[in-house]
Amino acid sequence: MIIKMTNIIKKFFEGTDNQLCILKGINLSIGAGEFVSIIGQSGSGKSTLMNILGALDRPTDGEYLLNSKNIADMSDAQLSDIRNRQIGFVFQTFNLIPRSTALGNVELPMLYAGTKAANRKNHAKHLLEMVDMADRANHRPNQLSGGEKQRVAIARAMANNPDILLADEPTGALDSATGRMIVDIFHKLHKQQGKTIVLITHNKELAAETQRIITLHDGEIAGETT
């Protein structure tokens, strides 16, 4: 298993009068090469779970093994390296650097990983070609449409050839036709490159296209459909 969570609990304001328990004992396993969706209403714990899956936050209790390594045993620097090399993030809000071109945005994770400049540029160009954005390589985010920004974000997420792609409502800010294009790119990455993809969404139609649907309700797994 590439992801194995056992009894994951996440509390905020722990030990205070307004303590909140958001995740209440999550048990979740995801195999390499799976395309999985996690659905649930607003407030169900989807974003909190994604932050833990992506090593952006640590659980209060429970065990999270990523590629058989316990997240709890890792330093902040090690977690930062995991986020850069092993996990690619795609967000609803794109999170592109405004002052950088599309090419520069895709190069950024490789810069942090220490990739040589010439190799960075060549690989970034290849990734932009993969998402049909080669002709927009020198445009800045404010010169791109929402769908174009998201395609650049997917190329950036793939920069260091991560084991896992985590997509948080990747079509949430897009119209249906543009969203369809983005979902097709995920299918392509799954089928052609065997990427493990975890899709966080409230869209049941979108979730139905994945191999497994995990439903969250009030911080617990309420059901699973294959």
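Because the structure is predicted, anything quoted here is derived from the model rather than measured.
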(message) Check this for me: Q19, atom CD, are more than 12 non-hydrogen atoms of other residues, nucleotides or ligands nearer than 6.0 Å?
(response) yes
(message) In the structure I gave you, are the side-chain heavy atoms of H202 and I39 within less than 4.5 Å of one another anywhere?
(response) no
(request) May I ask you to test the L49-L53 pair for a side-chain heavy-atom distance under 4.5 Å? (result) yes
(message) Between N160 and P109 (side chain of the first, backbone of the second, donor and acceptor by atom type, cut-off under 3.5 Å), is there such a pair?
(response) yes
(message) One pair to check against side chain to side chain contact (heavy atoms under 4.5 Å, CB included): R136 and L144. What are the steps and the verdict?
(response) CA-CA 8 Å; R136 309 288 274 168; L144 302 175; 3.8 Å; yes
(request) Among V183, I38, L206, find the residue that satisfies the side-chain contact (heavy atoms from CB on, under 4.5 Å) test when tested with T201. (result) L206
(request) Consider only side-chain heavy atoms of I, L, V, M, F, W and Y, link residues closer than 4.5 Å, and tell whether L56 and I82 are in one cluster. (result) yes
(message) Assess the residue pair I30 and T196 against the criterion (side chain to side chain contact (heavy atoms under 4.5 Å, CB included)); give the C-alpha distance rounded to whole Å, side-chain angles, the decisive distance to 0.1 Å, and a yes or no.
(response) CA-CA 8 Å; I30 297 174; T196 305; 3.9 Å; yes
(request) Return yes if some donor-acceptor pair links the side-chain N/O of R120 with the main-chain N/O of T115 below 3.5 Å, else return no. (result) yes
(request) Verify whether one side chain among D168 and Q92 offers a donor that lies under 3.5 Å from an acceptor in the other. (result) no
(request) Indicate if V152 and M181 have the same hydrophobic cluster label, given that clusters are the connected sets of ILVMFWY residues with side-chain heavy-atom separations under 4.5 angstrom. (result) no
(message) Between N51 and T48, do the side chains contain a donor N or O and an acceptor N or O under 3.5 Å apart?
(response) no
(message) side chain to side chain contact (heavy atoms under 4.5 Å, CB included), that's the test. Do L79 and R58 meet it? Break it down for me.
(response) CA-CA 10 Å; L79 291 180; R58 298 174 188 261; 3.3 Å; yes
(request) Quick one: pull up CG in D57 and NZ in K10 and give me the separation to the nearest 0.5 Å. (result) 3.5 Å
(request) Check the hydrophobic clustering (I, L, V, M, F, W, Y; side-chain heavy atoms under 4.5 Å; chains of links allowed) and say if L108 and L128 are grouped together. (result) no
(request) Would you list the pairs meeting salt bridge (Lys or Arg N to Asp or Glu O under 4.0 Å) in which at least one residue belongs to residues 77-102, sequence neighbours left out? (result) D81-R85
(message) Do I8 and L65 sit in one hydrophobic cluster, given that two such residues count as connected whenever their side-chain heavy atoms are within less than 4.5 Å of each other, even indirectly?
(response) no
(message) Ignoring hydrogens and geometry beyond distance, is a side-chain donor-acceptor pair present between Q41 and H217 at under 3.5 Å?
(response) no
(message) Could you tell me if the side chain of T101 sits less than 4.5 Å from the side chain of H139, heavy atoms only?
(response) no
(request) Answer yes or no: is there a donor N or O on one side and an acceptor on the other, between the side chain of S75 and the main chain of Q78, under 3.5 Å? (result) yes
(message) Between Q150 (side chain only) and G147 (backbone N and O only), is there a donor and an acceptor less than 3.5 Å apart?
(response) no
(request) Could you tell me the separation between the CE atom of M1 and the OG atom of S29, rounded to the nearest 0.5 Å? (result) 5.0 Å
(message) Once salt bridge (Lys or Arg N to Asp or Glu O under 4.0 Å) is applied, do any residues pair with D61, and if so which ones, sequence neighbours excluded?
(response) none
(request) Look only at the side chain of Y64 and the backbone of A72, and say whether a donor-acceptor pair between them is shorter than 3.5 Å. (result) no
(message) Would you say that T210 contacts V36 through its side chain, given a criterion of any heavy-atom pair below 4.5 Å between the two side chains?
(response) no
(message) Would a single hydrophobic cluster contain both I182 and F89, if residues Ile, Leu, Val, Met, Phe, Trp and Tyr are joined by side-chain heavy-atom contacts under 4.5 Å?
(response) no
(request) Without swapping roles, check the side chain of Q193 against the backbone of H190 for a donor-acceptor pair under 3.5 Å. (result) no
(message) I need the N142 CG to L96 CG distance, nearest 0.5 Å.
(response) 11.0 Å
(message) In terms of relative ring orientation, are F186 and F35 parallel, tilted or perpendicular, with 30° and 60° separating the classes?
(response) tilted
(message) Within the 3.5 Å criterion, strictly below it, is a donor on K195 or N161 matched to an acceptor on the partner's side chain?
(response) yes
(message) Does E209 form a salt bridge (charged side-chain N to carboxylate O under 4.0 Å, His left out) with R180? I'd like the steps, not just the answer.
(response) CA-CA 11 Å; E209 295 190 30; R180 175 73 262 164; 2.7 Å; yes
(message) Check whether F13 forms a cation-pi arrangement with K11 (NZ or CZ under 6.0 Å from the six-membered ring centre, at most 45° off the ring normal).
(response) no
(message) With no hydrogens and no angle check, just 3.5 Å: does a side-chain donor-acceptor pair link N18 and T16?
(response) yes
(message) Using only atom types and a distance under 3.5 Å, with no angle test, would you say the side chain of N203 pairs donor to acceptor with the backbone of E205?
(response) yes
(request) Would you name the heavy atoms of Q143 and N138 that are closest together and state the gap between them? (result) OE1-O, 4.5 Å
(message) Under a plain distance cut-off of 3.5 Å, with no hydrogens placed, do N7 and N27 share a side-chain donor-acceptor pair?
(response) no
(message) Closer than 4.0 angstrom, basic N to acidic O: yes or no for K191 and D184?
(response) no
(request) Work out which heavy atom in P162 is nearest to a heavy atom in G88; give both atom names and the distance. (result) CB-N, 3.6 Å
(message) Quick check: do H123 and L127 have side-chain heavy atoms less than 4.5 Å from each other?
(response) yes
(message) Is there a side-chain contact between L199 and P170 in this structure, where contact means two heavy atoms from C-beta onward sitting under 4.5 Å apart?
(response) yes
(message) Do I164 and Q86 have side chains that approach each other closer than 4.5 Å (heavy atoms only, starting at C-beta)?
(response) no
(request) Output yes when a side-chain donor or acceptor of K46 lies under 3.5 Å from a complementary backbone atom of G40, and no otherwise. (result) yes
(request) State the CG-CD1 distance between L165 and I154, to the nearest 0.5 angstrom. (result) 8.0 Å
(message) What's the separation between atom CD1 in I200 and atom OG in S44, rounded to the nearest 0.5 Å?
(response) 9.0 Å
(request) For side chain to side chain contact (heavy atoms under 4.5 Å, CB included), just list the numbers for E148 and F94, CA-CA rounded to whole Å, side-chain angles, deciding distance to a tenth of an Å, and then say yes or no. (result) CA-CA 10 Å; E148 289 172 334; F94 319 125; over 6 Å; no
(request) Could you tell me whether a side-chain N or O of K188 sits under 3.5 Å from a main-chain N or O of M130, the two making a donor and an acceptor? (result) yes
(request) Could you tell me which non-hydrogen atom of D132 sits nearest to which non-hydrogen atom of D135, and how far apart they are? (result) O-OD1, 4.1 Å
(message) Any heavy-atom pair between the side chains of I9 and C21 that's under 4.5 Å?
(response) yes
(request) With rounding to the nearest 0.5 Å, note down the distance linking CG in L23 to CG in L28. (result) 11.0 Å
(message) On a heavy-atom basis, which atom in L103 and which in A124 lie closest, and how many Å separate them?
(response) CD1-CB, 3.6 Å
(request) Tell me, yes or no, whether the heavy-atom count around K125 atom NZ, taken from other residues, nucleotides or ligands under 6.0 Å, exceeds 12. (result) no
(request) Would you check if the side chain of R156 reaches a backbone N or O of N105 as a donor-acceptor pair within less than 3.5 Å? (result) no
